[in-house]
Amino acid sequence: MEGIASNTHRVLTEEEGNRLKKQDETIVSDFKRLKLEAEAQKNWDLFYKRNDTRFFRDRHWTTREFELLVGIDGDTKKTLLEIGCGVGNFLFPLLEENANLYIYGCDFSPRAVEFVRGDPRFNGERMKVFVCDITEDRLEDNIPELVDVVSLIFVLSAIHPDKFQRALHSASAILKPGGVLVFRDYGLYDMAQLRFGRGNKIGDNFYVRQDGTRSYFFSVERLTNLVADAGFDVSSCHYVNRRTVNKKEGVDEPRVFVQGKFIKR
Ligand SMILES: C[S@@+](CC[C@H](N)C(=O)[O-])C[C@H]1O[C@@H](n2cnc3c(N)ncnc32)[C@H](O)[C@@H]1O
């Protein structure tokens, strides 16, 4: 696996601890918090209007790790649903590299879903994408079967913590018993969390970016408890620690992700 796996969160330096404390001085108002929640879908759709398909790069690294995690061997037919698929940066490499995979993808941004459909790699015989708010809509309305694998790749962090359970229950409901939930997202004390400044903090480990999209930073403990409550056994769950280094610009920053594999009971 790329990065160093660990079960405990990284220890903050004194300066980093002070930076986090400072964020508490300017927590967003209740009015703004409610507005951000009401406009979550609009803000992600505008994100894709501004950035087109250029913002995220194809996630080939996840593809390799993912195949190992899920045990895709190329011979058995498997079905996968990616919740919050964006413009398909995770889906297309998977589709191209696994001939026996049928892929469902959903996102609550209509623009993102249209980008997936318009991608030259889109293959209507092997994939289906649709608009769906995972905290509101029924996946069964668009998926006529139970699937082998569900992936949540940098998606739960974009959802309000009060709705984590709803999203995880939807994921669980569409999985076969024994099916796998693969998870990767921002981890506690990632560089992006430490960088937030005045007026970015919404609540515990939950922040808003300039463009109105939000991001939660998961501890292994929080995630483990959440998935257990939603009906999953934990097969693995840990931090992945990396550093972004650019010697020329004097940058050396910690990146922390949380990665997990959970089995539906
Ligand atoms: C950081 S992007 C990740 C996209 C993709 N999974 C990837 O790895 O490239 C987060 C995505 O989650 C989607 N999203 C956020 N909240 C959602 C919700 N409640 N239901 C469905 N999709 C949601 C956003 O529209 C956005 O496309």
Side-chain angles (χ1 to χ4, degrees), residues 36-66 69 80-96 103-119 121 127-139 141-143 149-171 173-174 181-187 190 192-193 202 206-218 226 230 240 255 257-260:
L36 287 168
E37 180 57 17
E39 295 181 347
Q41 182 178 22
K42 187 181 93 184
N43 287 334
W44 271 105
D45 208 51
L46 287 173
F47 170 91
Y48 288 113
K49 184 177 183 188
R50 264 191 313 277
N51 295 299
D52 205 273
T53 54
R54 293 177 298 265
F55 194 81
F56 303 114
R57 276 180 297 167
D58 277 356
R59 301 191 189 278
H60 286 279
W61 51 265
T62 328
T63 313
R64 283 187 302 274
E65 283 193 48
F66 173 86
L69 276 173
L80 160 98
L81 162 68
E82 199 199 6
I83 296 172
C85 63
V87 296
N89 297 94
F90 178 56
L91 294 188
F92 285 120
L94 268 183
L95 186 81
E96 287 179 334
I103 293 181
Y104 295 99
C106 69
D107 200 288
F108 73 171
S109 157
R111 228 177 227 111
V113 170
E114 271 318 303
F115 277 130
V116 176
R117 287 203 188 109
D119 193 293
R121 296 168 293 179
M127 63 195 298
K128 174 179 177 182
V129 285
F130 54 94
V131 176
C132 165
D133 181 339
I134 194 62
T135 66
E136 304 275 343
D137 305 329
R138 286 159 38 94
L139 289 166
D141 292 344
N142 277 289
I143 304 183
V149 184
V150 169
S151 59
L152 275 170
I153 312 286
F154 295 100
V155 172
L156 204 60
S157 57
I159 292 175
H160 192 288
D162 288 354
K163 296 185 174 175
F164 285 166
Q165 254 334 309
R166 247 179 279 170
L168 289 168
H169 271 100
S170 298
I174 202 70
L181 170 65
V182 181
F183 182 97
R184 182 152 169 135
D185 218 320
Y186 298 107
D190 176 46
Q193 177 174 14
I202 303 176
F206 192 44
Y207 299 83
V208 58
R209 303 185 185 93
Q210 287 307 328
D211 63 6
T213 62
R214 297 165 302 170
S215 185
Y216 185 86
F217 295 82
F218 289 92
L226 279 168
V240 177
R255 299 294 344 233
F257 306 112
V258 168
Q259 185 164 304

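For ligands, and for the atoms within them, numbers begin at 1 and follow the listed sequence. Quick caveat, the model's predicted, so the values are computed rather than measured.
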With the threshold set at 4.0 Å, does a side-chain nitrogen-carboxylate oxygen contact exist between Arg117 and Glu114? yes
Is Ser109 close to ligand 1, meaning an N/O of one under 3.5 Å from an N/O of the other? no
Classify the contact between Glu82 and ligand 1 as side chain, backbone, both or neither, using a heavy-atom distance cut-off of under 4.0 Å. side chain
Please determine if Gly84 has a nitrogen or oxygen closer than 3.5 Å to a nitrogen or oxygen of ligand 1. yes
Backbone, side chain, both or neither: what part of Phe108 comes under 4.0 angstrom of ligand 1, heavy atoms only? both
So, Tyr207 versus Phe217, ring centres under 6.0 angstrom or not? yes
Under 4.0 Å between heavy atoms, the region of Cys132 that gets near ligand 1 turns out to be backbone
If you measure every N or O of Ile134 against every N or O of ligand 1, does any of those distances drop under 3.5 Å? yes
Is the ring pair His160/Phe206 parallel, tilted or perpendicular, if the boundaries are 30 and 60 degrees? perpendicular
Which one holds for Cys85 and ligand 1: side chain close, backbone close, both close, or neither close, with close meaning a heavy atom under 4.0 Å? backbone
For Phe115, give me all partners under ring pair (Phe, Tyr, Trp, His ring centres under 6.0 Å), at least two apart in sequence or on another chain. none
Pick one of side chain, backbone, both or neither for how Ile83 approaches ligand 1, counting any non-hydrogen atom pair under 4.0 Å. neither
Region of Tyr48 that comes within reach of ligand 1 [heavy atoms, distance under 4.0 Å]: side chain
What about Tyr186 and Phe154, are their ring centers closer than 6.0 Å? yes
What is the distance from atom CG of Leu156 to atom OG1 of Thr135, rounded to the nearest 0.5 Å? 10.5 Å
Is the Tyr104-Phe130 ring centre distance short of 6.0 angstrom? no
Going by an N to O cut-off under 4.0 Å, is there a salt bridge joining Asp211 and Arg209? no
Any idea which atoms of ligand 1 are less than 4.0 Å away from a heavy-atom of Asp133? 18 (C), 19 (N), 20 (N)
Please could you name the atoms of ligand 1 that Phe154 approaches to less than 4.0 Å, counting only its heavy atoms? 1 (C), 2 (S), 3 (C), 10 (C)
